[in-house]
Number of protein chains: 2
Amino acid sequence: MADVAARAGVSVPLVSIVMRDVAGASPENRARVRRAAEELGYRPDSRARLLRRSRSQLIGVVFGVQHAFHGDLVSGLYPAAEALGYELTLSAVTPHRDERRAVAGLLQDRCEALILLGPELPTSSLGQLAATMPVVVLARSVRHRDVDVVRTDDAAGLHQAVDHLVGLGHRRIAHIDGGRAPGAAERRSGYLTALAGHGLADADLILSGGLTEDDGAGAARALLDLRPLPTAVTVFNDRAATGVLDVLRQNGLAVPGDISVTGYDDSRLARLSHVALTTIRQDAAALTHAAVARVVSRLDHETVDVREQVLAPELIIRQTTGPLTTAAVTAPRGGRPDTPAGRRRSTQ
Amino acid sequence: MADVAARAGVSVPLVSIVMRDVAGASPENRARVRRAAEELGYRPDSRARLLRRSRSQLIGVVFGVQHAFHGDLVSGLYPAAEALGYELTLSAVTPHRDERRAVAGLLQDRCEALILLGPELPTSSLGQLAATMPVVVLARSVRHRDVDVVRTDDAAGLHQAVDHLVGLGHRRIAHIDGGRAPGAAERRSGYLTALAGHGLADADLILSGGLTEDDGAGAARALLDLRPLPTAVTVFNDRAATGVLDVLRQNGLAVPGDISVTGYDDSRLARLSHVALTTIRQDAAALTHAAVARVVSRLDHETVDVREQVLAPELIIRQTTGPLTTAAVTAPRGGRPDTPAGRRRSTQ
DNA sequence: TTGAAAGCGCTAACAC
DNA sequence: GTGTTAGCGCTTTCAA
C-alpha cells in the first residue's frame with residue numbers, strides 16, 4: 001500500500017480511500033492511485049482491513065459437503081450476503097470433520113455470525129454458541145430463545161403432498177421418514193395430521209428411512225413386503241426418493257402407474273428430466289435471503305419480533321404421481337417377484 | 001490477549017507463546033495462562049496472527065458446489081492440509097458465481113497457494129494466476145510450465161473399463177463422453193486406443209454427453225436409437241452414468257443382462273447399494289495428499305522435478321457389468337419401444 | 001524463562 | 001481534499 005502511495009505521489013490513507021470507493025478524493029488522484037495499484041498488481045489485504053475495522057463483515061457458513069440441497073443453499077447465500085455488504089466464509093462438514101470442528105474453524109476466522117445448514121448439533125450446543133454471537137439455523141427447527149431459525153413449514157409440505165395424493169384417489173399412502181434428521185419429525189407429523197384430515201387416521205404407515213439414497217432404497221425394500229401394497233409413498237427428501245424409485249422400478253413396479261412417489265426439497269435431483277420427481281419445493285432463494293437478513297438485523301441490534309421464520313412450501317407436480325390404474329388396484333401380488341415384468345430382472 | 005495476560009499476571013508475548021504451544025514458558029505460567037484464557041473465553045484471532053507472520057499458512061480451494069466428487073476431494077483436503085500445518089479456505093463455484101469470482105475471493109483472503117478442483121478456466125488464465133503464486137490443478141490436465149497438476153491417468157482408466165468389457169465378451173462398446181469437461185478428452189482417447197488394442201478400431205461409437213445426470217440421460221436416449229444396439233457403454237462419470245442407467249431401465253433394458261454400463265470416479269453415487277455401478281476409482285485421498293504436498297513443496301521453494309503427477313486409477317467391478325446374455329444378443333428390436341417389458345411403461 | 005518494543009497492512013479520527 | 005497520527009491483535013526480535 002505504501003508502494004502504491006509512493007508511486008502515485010500521495011499518502012497512504014488516500015490510497016485507502018480510493019480503494020474503498022468512498023468519498024474524499026479528487027478525481028485526478030483517484031485515477032492516479034488506481035493506475036499505480038494496477039501497475040503494481042496491488043490487492044487490498046482483507047485480513048488487515050478487517051483487523052482494523054472492529055467489524056469483520058464476515059458470516060460463517062457450515063454446510064454438508066455431500067448435501068445436494070446444501071449446495072443450492074450455499075449458491076443462494078453468496079448473492080444474499082453480497083447484497084447486504086457481507087462476505088461469506090465456508091466451512092464444510094465431511095465424514096471426518098464434524099460440525100464442532102467446522103464451527104471452531106469459523107470462530108477462529110472471527111466471523112461475526114453463523115449460519116448453520118441443517119445442523120445436527122444438540123440444542124444445548126447451539127444455545128451456547130448463540131450466547132456468543134448471532135446464530136441462524138437454516139432448514140431445521142430449534143427451540144431455543146437465542147437461536148434464530150429460518151425454515152420451511154415442513155408439516156405443511158407433507159400436508160400438501162398427502163392432499164395431492166388423496167385428490168388423485170390414493171388411500172393407502174405410506175411415509176418413509178428421515179429418522180433423526182433435521183425436519184424429519186415435522187414431516188412425520190404433517191403426514192399424520194393430513195391423513196387424519198382425510199379420515200384416514202387409521203391408515204398411517206410409517207417406514208423408517210433416512211436422508212441418503214441407500215436409506216430410501218432400504219425402506220423401499222421393506223415397503224415391497226407390505227400387503228396390501230400402498231399405492232403411494234411420501235419420502236423424506238429427494239435423495240431418499242431416488243433410492244425408492246430405483247428399487248420400485250427394479251422390482252417391476254411402474255411409477256406412477258402402480259405406485260406414486262413424492263420427494264422433498266425440489267433439489268437439482270428432482271428436476272432432472274429422467275427423474276421428474278413430484279416434490280415439495282423449499283425456496284432456496286427465499287430461505288437464504290431471510291437467513292442473511294436476520295443475521296444482519298441481529299448484528300445491527302435491531303429488535304426482532306419473531307425468532308422463527310417459517311416459509312410456505314410449494315408442491316411441484318411432476319411425473320412420479322398420478323391416479324391409480326386399475327391394474328395396480330386389482331392385481332394381486334403373491335410375493336416379492338424376481339422377474340415381475342417378463343424378461344426384466346433385478347440387478348440387486 | 002492483554003486481558004488474559006493481566007489475569008494470568010504475565011506479559012502479552014508470554015500468552016502468545018503458550019497459545020501457540022511453543023517452547024519458552026514455564027509449566028506454571030503455561031497452566032496459569034491456559035486457565036485465564038479458558039475463563040475469559042479467549043480465542044486467538046487468526047487474522048491478526050496471519051497478518052503478523054508474513055506467511056498465512058492458508059491454502060485456497062475452489063470447488064463446484066454441485067459436484068459429488070468435489071465433495072470427496074474437499075473431504076480429503078482437510079486432513080491432508082492439517083497434517084502439514086496448513087489451513088484451508090473454501091470458495092464455491094455456483095450457477096451464479098463463476099471461477100473467476102471464486103478465485104478473486106480467495107486472493108483477497110491472502111492465501112499463499114491455490115488448489116483448483118477440475119477448473120474450466122482457460123490455460124492462459126491459469127498460467128497468469130500461477131505466475132503470482134503456486135497453483136495446483138486437481139483432476140484436470142493442463143499444459144503450462146507454471147501450473148502443477150495432480151490427476152488420475154484418465155486414459156488408463158477408460159482402457160481398464162474397455163478391457164474389462166471385452167473380457168466379458170462385449171464387442172459393441174459405446175462411449176458417452178464428457179464434452180468439454182476436464183478429463184473428457186483423455187477419457188475419449190483412452191476409449192479409442194483401448195478399442196484399437198483389441199482390434200475393434202472400427203467399432204468405435206462416441207456419443208456426446210456431459211457431466212450431469214441429464215447429459216447422461218439424453219445421450220442414453222440417443223443410444224437407444226442405434227441399430228444394432230451396443231451391448232456395453234462406458235460413461236464419462238458416475239453422475240452421467242446414473243442418468244444412463246435410469247433411461248435404459250425405463251426403456252425396458254436389463255442392466256447388465258442386456259447392456260453393461262461403467263461410470264467413472266467411484267463417487268458416493270456409484271457405491272450406493274441400489275446403484276452398484278462398475279466404475280473407475282479415482283483415489284481421492286491420494287490425489288488430495290499429493291496436491292497438498294505439492295503446494296507445500298512449492299511454498300518451501302523445493303525444486304520439483306515433475307510438473308504433473310499422474311496417479312493410476314483402479315477398476316471397481318460392481319453389478320452394472322456382466323457377460324452378454326443370449327436374449328440380448330439375439331432379440332431383434334424393431335424400434336424404440338413404448339412398453340418394452342409388458343405392462344411396464346416409461347414415465348417420460 | 002520472561003518482558004519491552006517494534007511492526008504486519010490497513011482504516012478512523014483528526015488537523016490542516 | 002489531503003496528510004498526520006494512532007492502533008486493530010498478534011508475533012518477533014532482542015535485552016534482561
Side-chain angles (χ1 to χ4, degrees), chain A residues 1-37 40-58 85-87 89 105-112 132-133 299, chain B residues 1-37 40-58 85-87 89 106-112 132-133:
Chain A
M1 193 158 177
D3 297 346
V4 176
R7 189 180 186 100
V10 299
S11 71
V12 167
L14 200 50
V15 175
S16 167
I17 287 172
V18 173
M19 294 312 292
R20 281 177 298 147
D21 259 337
V22 298
S26 65
E28 301 156 9
N29 272 337
R30 219 170 265 279
R32 284 233 290 272
V33 169
R34 286 240 168 265
R35 217 171 33 121
L40 267 54
Y42 166 78
R43 288 173 165 285
D45 181 333
S46 59
R47 283 196 325 268
R49 169 177 293 177
L50 298 180
L51 178 60
R52 179 60 241 247
R53 309 165 47 133
S54 49
R55 309 222 4 208
S56 74
Q57 303 277 100
L58 212 55
Y86 282 76
E87 293 201 23
T89 171
L106 290 176
L107 293 182
Q108 278 216 343
D109 289 346
R110 279 288 190 274
C111 41
E112 300 183 74
T132 326
M133 64 202 307
L299 290 174
Chain B
M1 193 158 176
D3 297 346
V4 176
R7 188 178 187 100
V10 299
S11 71
V12 167
L14 200 49
V15 175
S16 167
I17 286 173
V18 173
M19 295 312 290
R20 281 177 297 146
D21 258 337
V22 297
S26 64
E28 300 157 11
N29 272 337
R30 217 171 266 280
R32 283 232 290 273
V33 168
R34 287 242 169 263
R35 217 171 36 121
L40 267 53
Y42 166 78
R43 288 172 166 285
D45 182 333
S46 59
R47 286 194 323 267
R49 168 177 294 179
L50 298 181
L51 178 60
R52 179 59 239 250
R53 311 165 45 138
S54 49
R55 308 222 6 207
S56 73
Q57 303 279 97
L58 212 55
Y86 281 76
E87 292 201 24
T89 170
L106 290 177
L107 293 182
Q108 279 215 343
D109 289 345
R110 279 288 189 274
C111 42
E112 300 183 74
T132 325
M133 63 203 306

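Lettering follows sequence order; numbering is per chain, from 1.
Here A:Arg20 reaches the OP1 or OP2 of C:dA12: one of its side-chain N or O atoms lies under 4.0 Å away. A sub-4.0 Å separation between OP1 or OP2 of D:dT4 and a side-chain N or O of A:Ser11 is absent. A close approach under 4.0 Å does not occur between any side-chain nitrogen or oxygen of A:Asn29 and OP1 or OP2 of D:dG1. One finds no side-chain N or O of A:Arg53 lying less than 4.0 angstrom from the OP1 or OP2 phosphate oxygen of C:dT11.
Between A:Tyr42 and B:Ile17, the one whose closest nucleotide on DNA chain C sits nearer the 5' end is B:Ile17. Ranked by how close their nearest DNA chain C nucleotide is to the 5' end, B:Val12 and B:Ala48 are led by B:Val12.
When all heavy atoms of B:Cys111 and B:Leu106 are compared, the pair lying nearest together is SG-O, 3.2 Å.
With values rounded to the nearest 0.5 angstrom, B:Arg30 atom CZ is found 6.5 Å from B:Asp21 atom CG.
If you check every strand for non-hydrogen atoms under 4.0 Å, A:Val15 touches nothing. Residue contacts for B:Leu51: at a heavy-atom cut-off of 4.0 Å it reaches a base atom on one of the strands shown. Across all strands shown, B:Arg43 has heavy atoms under 4.0 Å from sugar-phosphate atoms exclusively, and none from any base.
Not a single donor-acceptor pair under 3.5 Å links the side chain of A:Arg7 to the backbone N or O of A:Arg35.
Looking at B:Met1 and B:Met19, their side chains never come closer than 4.5 Å, going by heavy atoms from C-beta outward.
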